[in-house]
Novice: 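One structure, as structure tokens, below. Some questions next.
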Amino acid sequence: MTITATRPKALVLRGPGTNCEDETLRALRMGGADADLLRSDVAAREPGRLDGYGVIVFAGGFSYGDDLAAGRVWGASLRNHLGVALRAHVDRGGLILGVCNGFQVLVESGLFEPEAEPSERSIALFANASNHYECRWVTLEAQESRCTWLKAGEQMPCPVAHGEGRFAVTDDAALERLKAAGQIALTYVHPGGGEVGYPANPNGAAGDVAGICDPTGRVLGLMPHPERNLDPWAHPTWTRLPASRSEGEGLAFYRALVESAMGASL
Amino acid sequence: MASPGSGAAGPASSSPLPDAWRVEVFRRDGVDDPEGVHAQAALTELGLAGVASVRLGRGYLLPPGLDEPARQRAMKEFLVDPVVDDVRVTAPKAEPAATRGAHRVLVARKPGVMDPVAQTLEDALRDDGVLPPDSRGAVSTFRAWEICLEEGADAGALDAAARAALANEVIEAISIGTEALPYGAPEPRPRHGRVEVPISGLDDEALVRLSTEGALSLNLTEMKEVQGHFAAEGREPSLCELETIAQTWSEHCQHKTFRGVIEMDGEVIDNLLKSTIAKATFDLNKDWCVSVFHDNAGIVEFEPDVDPERGGWCLAVKVETHNHPSAIDPYGGAGTGIGGVIRDILGVGLGAKPIANTDAFFVGPTDLPEEDVPKGSMHPRRILRGVVDGVRDYGNRMGIPTVSGGVWFHEGYVGNPLVYAGTVGLIPRDCASKEVHAGDVVVSVGGRTGRDGIHGATFSSIELSEESEMVSAAAVQIGDPIMEKRVLDGLLRARDLKLYRAVTDCGAGGLSSAVGEMGAECGAEVDLEKVPLKYPGLTPEEIWISEAQERMVFAVPTEKLAEFIAVFESEEVEASAIGTYTDTGRLVLRYEGEVVGDMSMHFLHEGTPRPTRRAEWIAPNHADPGCPGPGDTGTFEAEETPWNAAILALLGRPNIASKEWIIRQYDHEVQGMSVIKPLSGERGDAPSDGVILRPLPDSKKGVALGCGANPRYGVLDPEAMAEAVIDEAMRNVVACGGDPDHTAILDNFSWGNCDKPDRLGALVHASRGCYSAAMAYGTPFVSGKDSLNNEYRVGEETLSIPPTLYVTAMSRVPSVANAVTMDAKQPGNLLLLVGVTNAELGGSEWLDMLGLEGGRVPRPDLERAPSCLRKLHGATKLRQMRACHDLSEGGLAVAAAEMCMAGGFGADIDLSVIDREDFGEGYDPDATLLFSESCTRFLVEVEQGKKFNFQTKMMGIATTPIGRISKKDRLVIKGVSGKALVDLGVDELRDAFQSGFQG
């Protein structure tokens, strides 16, 4: 792989139980970034290690076993040890992505509602309506949102694999507030259009929400895994699709992320 | 209830009101509580009438001295979600506040039983400053179920239902209507050093009693061997030594039966393993076999062209059984089963990276009437749900995709279910072997040692009984997958830094087996007090044989020790030097300076007596039931369209019906390598034959996994069964694109008590089948495992499981771009039947559904089958097939139905074009063609224009165009006489396929 000075830098943070770091690194590299891996406790001790990265990614897995609640323990530790550094990263134009457990961690950390105390949080990800873990492919659609590197209206197939991915809000007003603020970034849709019931919405998420961003649009979290759809053979019906497909649809997502990070002034 | 007068709450106190803060976290009103809903269903299923609602409180016990700000901090930061949760806090020794008239059922792990959530919480609270830095064991967890009954419902029935549905009393304490909860560490045992066991003067009866009472599972011959050995040394053994021998000689660790001497039909078989299964491997002598039979797993070459400086990449594979622990505690047993086999892969060579898990379950019928469940056993439904949850929670947390396996249902597993778990690992070739040097440090890595899993190895080697549930509580282990994930992360880093010379896992027998095995060729000394403990008060023997999970043992050169420990520390894993490998040939155990064991490694590993066992095989005597057509059976003759009814009924049979409810609970996509998934088709709801993964991003090569098993064949004819299930595993991998000439297979036997000649005879027959099939297909066995003594005693009666051979096939796929799925692709394309259908319905789904026993068990034609597989693979490489599905349970009828359902298209099939022998009297030709389970057959979709090329490629193998894919969405089958037999809509097929037990 050729490495040039113009490639944006991406950092994947991992905690105990993170398990999607390899495919996430690969996705970032295929998307055009130079990507590194770092343990988040090292970053907590030396926050300067985050400097110079255009994008920081929290990869999927089961941080601390998801004991207590998905992402709870790592999220609390981020808030207490790395919150300032992550905020500074966003303030200077850096991007943050959380996928699956990374999304759960970001929600728990409070990054999506920078003004709220942890006990005032109005969004949550909790047990799927089925009350069990589920692995299946879904279709996502980007919405008009503050996350400008996602092109509104575009659809992408990729898998979900989680037990606690149901997006919930304290009340309908909270969902309206998020919509009005342009924070609803990705929703589950039925590929053919029409009613989005189970299994198109795999977990019972309120408003069919699959991913949200923070008020700046620079912090994005989503439950599904675009990094598991990089190759033409990943799609569940690829043997029925035209042989001309040269890559998985998830690659474009990471390419757009990396391109957007190129613009970050760090 | 009155609160206790005295405050004598020492460790492990379960005084009626716990001396701890109790925090119970419920779902807020109006927020779904799916766990409550599931529990309600489970209670209702057990016959508890009038359950109005159930809700779950996730409970935490916190130290009584925790002040208000600290409690608030703990709740806000860690325990309570502000969006979905509500909380109830109860003060130490106080009654809980209003519970809205609900019946409360509290469930908590017994003291000393592993509780990873409590550990995580305590660590987090310590790091956060809520608990002092030296806090250990100050936090525990429980579940508070609140059950509201309708007015007039029988509250008295709640007790039994709650015990069966909400707790496993082997490992959990349950309080119904009281607030008692265990809190604190288990009682310490009295301290002791060397304990001598007088054995020299014991007669036969006393020797047997010693073995039984000590749970040693050594038979009289072995006890006498031990007695003789210590007599020759002129001393009595210590308890530690006796335990070490029992662990090392257990059937579970030693495979005494397979390696023993067997007399059968006047012939003497010296070592069944070496003369059949391993013989095939050595006779075939494939150059791509890198390491077979002597390490924790088999290793084969995979991709020599990536990273050639490391010798390229290999695949390691292992499949294990975890039957007895899963019978007692399905969730913990299956979880630690998968955890254990993952450690086998971490401990093969210098360690491989796990990339796939497999699992297979053999359980009783899910519709078994409650009254037929033997005393001391669980209902098959509960077992199946528990083992699925166990594999899910362990495998998913490890980040290893669970991709392949199966479930088989048979009455013979009611008292003794089987759980197989397998793992595939990726390893650079230069890490495929290991070597211990004298002077290397014995380092134990991973979880702490507790009193869990004492005597697991010896327990696995005895039959289950009504009392097993009670006596073997200590044999149950609970897993902590995130600890194992941390070990994995540290191990791969330490491996690539070359910080150690050898590694093995702590499995059955714990440290005794791991250190004993690693030091077998040289010797070892261990200081048992250096092993880190979960809580104080373990005896030296308990430390030595505990099967506490998530531990590995390494041989580390002294000069690398500090760096080695630092790598694991950075992953939050303890690594402790506990001893030294020596060159003395002795295994020396010390506890606080005192020698508690000093024994010969040679005796330990080579001293097992090899008694001669007698074997016989008498085939079951059934008249040939033939193969009636549906119209000639009591089951279907009254139906308006008997053939339609028969096919729908077959699709709903438990062994055939959809297992989607299981598969989707496993993460089969993690690591981003999946090419052919366990489910195929337009809607992803049809069963794939094999699965394919692409493990290396820089290579297009793939690995295909498949499996085969059939207990009903095993009962009738174990030798044919072995050949048939190997054929099935081969069909699975070849159908999707695996190269039959680069396929390794694994044998996993679960059998009855082989001291009984008929069980052993069946084992000999099956092993011979393994040899002939492996030789014919050119597929070496690279690893295997046996679990014998799968018998269940009820009163005077002992019941054996059916002979069960589970075969796994792992095959290399030259290019994943050529992989083939089983779903029908395009209306108008031809359907070709590959292979020959014989009158082989013995053990078939069809006859079983009709309640008919006997018949000829399917058996592959070992002359033709290998060339069929090779040619089919050739056609795959030329992309001649649009779809390919193997024929297995339910035969052609089921395969055609599955293909249609998967593709969302119909098919027109004509049976009259099939060349066939006369099937004989009593065999309806249509039923035989549709339902026979003859081996080495496939249903293949080929474009009209490629038919000639395909048939040319398959020259010499029967390939019959039997019909076409149709646009009509209906499966239409015409019989041999031209009569219309079957006409079913694709939706009807799908509904029938999905009509079975769904968890």
Side-chain angles (χ1 to χ4, degrees), chain A residues 16-20 22-23 26-27 39 41-42 60-69 72-73 76-77 79-80 117-124 126-137 159 161 163 166 168-170 204 225 227-234 236-240, chain B residues 31-32 34-35 37-38 76-84 116-117 119-121 124 127-128 389 392-393 396-400 480-482 485-486 489 570-572 663-672 674-677 679-682 684 694 697 816-817 819-821 823 825 883 903:
Chain A
T18 298
N19 62 33
C20 299
D22 288 350
E23 55 268 42
R26 178 166 178 250
R39 281 186 58 102
D41 56 335
V42 176
F62 280 86
S63 55
Y64 295 90
D66 281 355
D67 297 337
L68 307 178
R72 175 79 45 87
V73 176
S77 144
R79 185 166 63 242
N80 295 327
E117 285 295 305
S119 55
E120 296 165 347
R121 171 158 58 76
S122 69
I123 56 172
F126 84 116
N128 294 353
S130 62
N131 195 34
H132 60 68
Y133 192 97
E134 207 161 317
C135 177
R136 61 167 65 250
W137 281 64
R166 169 155 48 160
V169 282
T170 39
H225 289 276
E227 73 284 356
R228 297 185 185 178
N229 184 12
L230 303 176
D231 303 302
W233 315 285
T237 61
W238 71 269
T239 58
R240 307 173 72 82
Chain B
V31 174
D32 280 3
E35 278 161 302
V37 174
H38 283 243
K76 277 191 184 151
E77 290 283 306
F78 298 108
L79 302 181
V80 186
D81 188 292
V83 180
V84 295
V117 178
Q119 256 172 33
T120 301
L121 178 58
D127 292 348
D128 203 63
D389 290 356
R392 175 196 67 201
D393 285 356
N396 291 355
R397 277 177 169 72
M398 286 295 293
I400 303 166
D480 179 3
I482 296 308
K485 178 68 166 76
R486 294 170 177 175
D489 291 340
S570 75
E571 301 289 345
E572 300 176 35
I663 295 166
R664 294 225 178 271
Q665 293 192 57
Y666 301 151
D667 190 346
H668 45 266
E669 300 279 2
V670 63
Q671 301 190 18
S674 87
V675 172
I676 303 289
K677 304 170 202 298
L679 293 166
S680 284
E682 199 197 8
R694 190 173 65 110
V816 297
V820 180
T821 50
D823 46 318
K825 302 289 188 310

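In what follows, every chain begins at residue 1, and chains take the letters A, B, ... in the order their sequences are listed.
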Novice: Examine distances only and state if a side-chain atom of B:Lys485 and a backbone atom of A:Pro16 form a donor-acceptor pair shorter than 3.5 Å.
Specialist: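 A pair under 3.5 Å: no.
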Novice: With A:Arg26, which residues qualify under salt bridge (Lys or Arg N to Asp or Glu O under 4.0 Å), at least two apart?
Specialist: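 So A:Arg26 forms a salt bridge (Lys or Arg N to Asp or Glu O under 4.0 Å) with A:Asp231.
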Novice: So which part of B:Glu682 gets closer than 4.5 Å to some heavy atom of chain A, the side chain, the backbone, both or neither?
Specialist: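 Looking at B:Glu682, backbone and side chain both touch chain A.
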Novice: So does A:Thr237 get a backbone contact from the side chain of B:Lys677, meaning a donor-acceptor N/O pair under 3.5 Å?
Specialist: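 Absent.
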Novice: Could you tell me which portion of A:Ala168 (side chain, backbone, both or neither) has an atom closer than 4.5 angstrom to a non-hydrogen atom of chain B?
Specialist: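 For A:Ala168, backbone and side chain are both near chain B.
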Novice: Under 4.5 Å from any heavy atom of chain A, what part of B:Val117 do you find: side chain, backbone, both or neither?
Specialist: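 Answer is both: backbone and side chain atoms of B:Val117 are under 4.5 Å from chain A.
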Novice: Is a side-chain donor or acceptor of B:Arg397 paired with a backbone partner of A:Gly65 at a separation under 3.5 angstrom?
Specialist: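 Checked: pair present.
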Novice: Check whether B:Gln665 reaches the backbone of A:Tyr133 with its side chain - one donor and one acceptor, N or O, closer than 3.5 Å.
Specialist: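 No.
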Novice: Say whether, by atom type as modelled, one donor and one acceptor occur between the side chain of A:Trp238 and the main chain of B:Ala817 under 3.5 angstrom.
Specialist: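 No.
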Novice: Is there side-chain contact between A:Arg228 and B:Asp667, with at least one heavy-atom pair below 4.5 Å?
Specialist: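 Yes, close enough: below the 4.5 Å cut-off.
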Novice: Sort A:Arg121 into side chain, backbone, both or neither according to what part of it lies under 4.5 angstrom from a heavy atom of chain B.
Specialist: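 The answer is both parts of A:Arg121.
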Novice: Name the region of B:Asp128, side chain, backbone, both or neither, that has any atom closer than 4.5 Å to a heavy atom of chain A.
Specialist: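 The side chain, not the backbone.
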Novice: With sequence neighbours left out, write down each residue that passes salt bridge (Lys or Arg N to Asp or Glu O under 4.0 Å) with A:Arg79, or none if nothing qualifies.
Specialist: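 Residues passing salt bridge (Lys or Arg N to Asp or Glu O under 4.0 Å) with A:Arg79: B:Glu77.
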